[in-house]
Amino acid sequence: MTENIIIIGSGPSGLTAAIYAARANQAPLIITGREIGGQIATTDQVENYPGFPDGIDGPQLVDLMQKQALKFGARIEMDFVTRVNLQTHPFQLETENGNQYEAKSIIIASGASPRKLNVPGEREFAGRGVSYCATCDGFFFRNKDIAVVGGGDSALQEGLFLTKFANRVHIIHRRDQLRAQPILQDRAHNEPKVNFVWNSVVKEIKGNGKMDAIVLENTQTHELSQLSAQGIFVYVGHTPNTQLFKGQLAMNEEGYLKVDARLHTSVPGVFAAGEVHDHVFRQAVVSAGYGCMAEMEAEKFLAEWEHEHSKQLAVNR
Ligand code: NAP
């Protein structure tokens with residue numbers, strides 16, 4: 001069977017595309033990726049998604065979106081796409097679970113993943129002090145001294161969340177000015193458990209079995225120092241999940257997919273939605289909007305394809 005629309009990824013963009021496609025009777029198939037919900041599913045409190053004046057848990061928001069998509073007939077497969085062939089139409093996909101699919105159109109909503117520090121000790125102490133998800137791991141750091149790396153919204157928001165558990169939260173930032181929005185800056189400056197470590201980068205994570213210290217370099221004096229910490233949470237931006245499409249779709253030097261104003265990629269019938277192309281806004285609500293746009297364009301593509309296809313069949317008869 002050839003699918004009308006396959007959606008790769010299950011964050012706000014993928015699930016919104018699924019809601020629209022399902023309501024348009026396209027019975028879309030979502031291939032979720034290794035976890036459902038993408039980055040928002042690892043966010044503690046979402047306070048700026050319209051419709052939730054008291055905020056909502058990231059996982060709860062994902063759950064509601066998923067229910068809404070299923071209600072209208074979307075199908076959800078917990079699987080990971082390992083290969084695509086966009087040189088042929090219908091497009092071909094293969095997954096980690098050994099499934100093969102054909103699709104007339106594809107919406108790529110595979111998002112972006114947290115960037116790593118790439119310093120000695122980071123891999124060694126992953127899961128033993130090094131984490132990229134405060135919501136998942138914060139609980140393990142009750143009454144501990146920990147660090148957060150980064151100066152953006154994620155670093156501050158998750159750093160503040162971690163003050164619920166930790167004794168002390170050192171926010172290590174490579175400059176002396178934060179990128180985060182003012183409301184988060186105010187909250188962090190007013191939180192007694194937060195200590196800012198300015199103009200500093202992590203050079204090494206040290207420990208014995210579990211991590212216990214961070215080697216820092218001052219970006220101005222190049223002096224090295226050691227900070228005692230039992231945990232480190234890394235929030236230094238993202239890398240788009242586009243490895244799968246290398247050589248088949250146009251992308252920029254950082255690997256973000258190139259799209260036109262209507263979210264068409266360089267291959268007709270393949271659309272992109274969310275952080276897989278958007279390195280500017282990166283908001284759940286913006287990603288949801290992109291999911292809607294990509295799906296509406298996919299529908300137009302399908303209608304044109306059906307029209308051409310039936311003309312061709314008539315000629316061949
Ligand atoms: P981001 O805005 O790209 O910030 C990344 C931070 O990491 C920056 O402060 C950057 O420093 C620092 N950094 C980058 N590479 C580094 C390195 N190698 N070593 C040390 N520091 C490094 O990423 P984000 O905070 O994850 O946010 C991503 C997007 O999601 C943003 O658009 C943000 O607004 C959005 N977001 C919104 C909310 C919310 O609305 N509540 C919450 C979370 C995220 P520089 O500042 O020096 O570049």
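Whatever order the structure lists ligands and atoms in, that order sets their numbers, starting from 1. Side chains included, hydrogens not; waters and symmetry mates left out as well; all remaining heavy atoms used. If you're wondering where the values come from, they're calculated on a predicted model, not measured in any experiment.
- With sequence neighbours excluded, the residues forming a side-chain contact (heavy atoms from CB on, under 4.5 Å) with Thr2 are Pro90, Glu102, Lys104, listed by chain and number.
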Exercise. Please walk me through it: do Ile172 and Ile214 pass side chain to side chain contact (heavy atoms under 4.5 Å, CB included)?
Worked result: CA-CA 10 Å; Ile172 302 167; Ile214 301 164; 4.3 Å; yes

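- Partners of Ala17 under the side-chain contact (heavy atoms from CB on, under 4.5 Å) rule, at least two apart in sequence or in another chain, are Ile7, Ile107, Glu295.
- Contact check on Glu217 versus Arg174 returns no salt bridge, with no Lys/Arg side-chain nitrogen under 4.0 Å from an Asp/Glu carboxylate oxygen.
- Within 4.0 Å of ligand 1, heavy atoms belong to protein residues Asn48, Arg115, Gly150, Gly151, Gly152, Asp153, Ser154, Gln157, His173, Arg174, Arg175, Arg179, Gln181, Tyr235, Val236, Gly237, His238, Phe281, Arg282, Gln283.
- Put simply, the side chain of Glu94 does not reach to within 4.5 Å of the side chain of Val81, judged on heavy atoms.
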Could you pull out every donor-acceptor pair under 3.5 Å between side chains of residues 224-233 and any protein atom, sequence neighbours left out?
from: Gln230; atom 1: OE1; to: Asp145; atom 2: N; distance (Å): 3.1

